[in-house]
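Reviewing the structure listed below.
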Amino acid sequence: MSRPIRPEEVVCVGIPDNVVEVFNELIQENMRGKQAVILQEEVIKRILSRYYEEPLVTRETIYANGWLDVEDLYRDVGWQVVYDKPSLYDSYPATFTFTKP
């Protein structure tokens, strides 16, 4: 008979190393003073280029697996992170802003 899973039994797959490497590169490339602003679209393009040999990785894969949900990961190591996306009636690009404390 099956039983409910306990919280401590849940294994989080997490964000792949390639995705973290993409964010790290883009932070370094876009750092201006104490802040780096990164376009979400650039993150996605780079992630897809890292997985060019893996046909199952698509935009949908990235979103479904939460690979762009890096805010807490970077906050835990000291960054201030703000994710900004347009509302329904806005048309500017979504960005991640990483600020040194």
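Small disclaimer: the values here were computed from a predicted structure and weren't measured.
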### Message
Tell me whether the rings of F98 and W79 are parallel (<30°), tilted (30 to 60°) or perpendicular (>60°).
### Response
perpendicular
### Task
Indicate the atoms forming the closest heavy-atom contact of P93 with P86, along with that distance.
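Heavy-atom minimum between the residues: C-CD, 4.4 Å.
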#### Entry: Where N30 and L26 come nearest, the two heavy atoms and their spacing
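Nearest pair, atom of N30 first, then L26: ND2-O, 2.7 Å.
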Check whether any side-chain heavy atom of [X] sits under 4.5 Å from a side-chain heavy atom of [Y], and report yes or no.
X	Y	answer
T58	T61	yes
M31	K100	yes
Q35	Q80	no
V43	I62	no

### Summary
By side chain to side chain donor-acceptor pair (under 3.5 Å), D84 pairs with (sequence neighbours left out) Y92
Mind listing the side-chain donor-acceptor pairs of residues 66-74 below 3.5 Å, one per line with the distance, residues two or more places apart or on another chain?
{"from": "D72", "atom 1": "OD1", "to": "R75", "atom 2": "NH1", "distance (Å)": "3.1"}
{"from": "Y74", "atom 1": "OH", "to": "V20", "atom 2": "O", "distance (Å)": "3.3"}
{"from": "Y74", "atom 1": "OH", "to": "N24", "atom 2": "OD1", "distance (Å)": "2.5"}

### Task
Mark yes when over 12 heavy atoms from residues, nucleotides or ligands other than D76 sit less than 6.0 Å from its CG; otherwise mark no.
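Yes - once you tally the heavy atoms of other residues, nucleotides and ligands closer than 6.0 Å, there are more than 12.
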### Query
Is Y89 isolated, or which residues cluster with it under the ILVMFWY side-chain rule of less than 4.5 Å, directly or via members?
L88
### Task
Taking salt bridge (Lys or Arg N to Asp or Glu O under 4.0 Å) as the test, write out the residues that go with R32, two or more places apart.
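Partners of R32 by the salt bridge (Lys or Arg N to Asp or Glu O under 4.0 Å) criterion come out as none, since no residue qualifies.
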#### Entry: Which residues share a salt bridge (Lys or Arg N to Asp or Glu O under 4.0 Å) with E29, sequence neighbours left out
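E29: salt bridge (Lys or Arg N to Asp or Glu O under 4.0 Å) contacts with R46.
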### Task
Verify the cluster assignment for V37 and I44: are they in a single hydrophobic cluster under the rule of side-chain heavy atoms below 4.5 Å apart?
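No; tracing contacts between hydrophobic side chains, which count when under 4.5 Å, never links both residues.
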### Query
Are F23 and L39 grouped together when hydrophobic residues (ILVMFWY) are joined by side-chain heavy atoms under 4.5 angstrom apart?
no
### Inter- and intrachain pairs under salt bridge (Lys or Arg N to Asp or Glu O under 4.0 Å), touching residues 55-65, at least two apart
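Counting only pairs at least two positions apart or across chains, the salt bridge (Lys or Arg N to Asp or Glu O under 4.0 Å) contacts touching residues 55-65 are E41-R59.
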### Query
Do you know which of I38, D17, I47, I27 makes side-chain contact (heavy atoms from CB on, under 4.5 Å) with V22?
I47
